Amino acid sequence: MARIGRHVRIFGRVQGVFFRGWTQQQADDLGVAGWVRNCPDGSVEAHLAGEEAVVQQLIERLRDGPPSAIVDRFDVAEAEPQAGEEFEVRH
């Protein structure tokens, strides 16, 4: 199966609610590689890479986020899949 890449930007109450750590747990559970980080404007961005089915599953989970998050806007764009199998929280 071919790997795909997606760049995701999430807006709303998404910082200070364990969004990055929760995203890493979800990615690890699904076998998605990439990274997640907070942005200066209060949003969260992530790069996801892996098989299309599991990347799509993670995207659907990110649309809601962890229980204390409130997602107001969600943008997804195609991206080159990055090499590697790990998912990391960037600071």
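No experiment lies behind these values; they were computed from the predicted model shown.
- Of all non-hydrogen atoms in Gly42 and Val14, the two that sit nearest each other are O-CG2, 3.5 Å.
- We find the CZ-CG distance between Phe74 and Asp64 to be 9.5 Å, quoted to the nearest 0.5 Å.
- To the nearest 0.5 Å, the span separating CD1 on Ile10 from CD1 on Ile70 amounts to 14.5 Å.
- Gln15 and Ser43 get closest at one heavy-atom pair: NE2-O, 2.8 Å.
- Counting non-hydrogen atoms of other residues, nucleotides and ligands closer than 6.0 Å to CD of Glu60 gives a total above 12.
- Within 6.0 Å of the CD atom in Glu80, the count of heavy atoms belonging to other residues, nucleotides or ligands does not exceed 12.
- For Asp72, there are no side chain to side chain donor-acceptor pair (under 3.5 Å) partners, not counting sequence neighbours.
- In terms of heavy atoms, Val32 sits closest to Val54 at CG2-O, 3.7 Å.
- Atoms CZ and CG, from Arg6 and Leu48 in turn, are 9.0 Å apart once rounded to the nearest 0.5 Å.
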Would Phe19 and Leu62 satisfy side chain to side chain contact (heavy atoms under 4.5 Å, CB included), going step by step from the backbone distance to the final call?
CA-CA 9 Å; Phe19 206 104; Leu62 292 173; 3.8 Å; yes

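- Ring pair Trp35/His47 is parallel by interplanar angle, where below 30° counts as parallel and above 60° as perpendicular.
- When all heavy atoms of His91 and Arg20 are compared, the pair lying nearest together is ND1-NH1, 3.2 Å.
- In this structure, CD in Gln24 is found 9.0 Å from CD in Glu86, a value given to the nearest 0.5 Å.
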- [ ] Would you check, one step at a time, whether the test side chain to side chain contact (heavy atoms under 4.5 Å, CB included) holds for Gln26 with Trp22?
- [x] CA-CA 6 Å; Gln26 301 301 308; Trp22 177 87; 3.3 Å; yes

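- In this structure, Arg3 contributes its side chain and Gln82 its backbone to a donor-acceptor pair below 3.5 Å.
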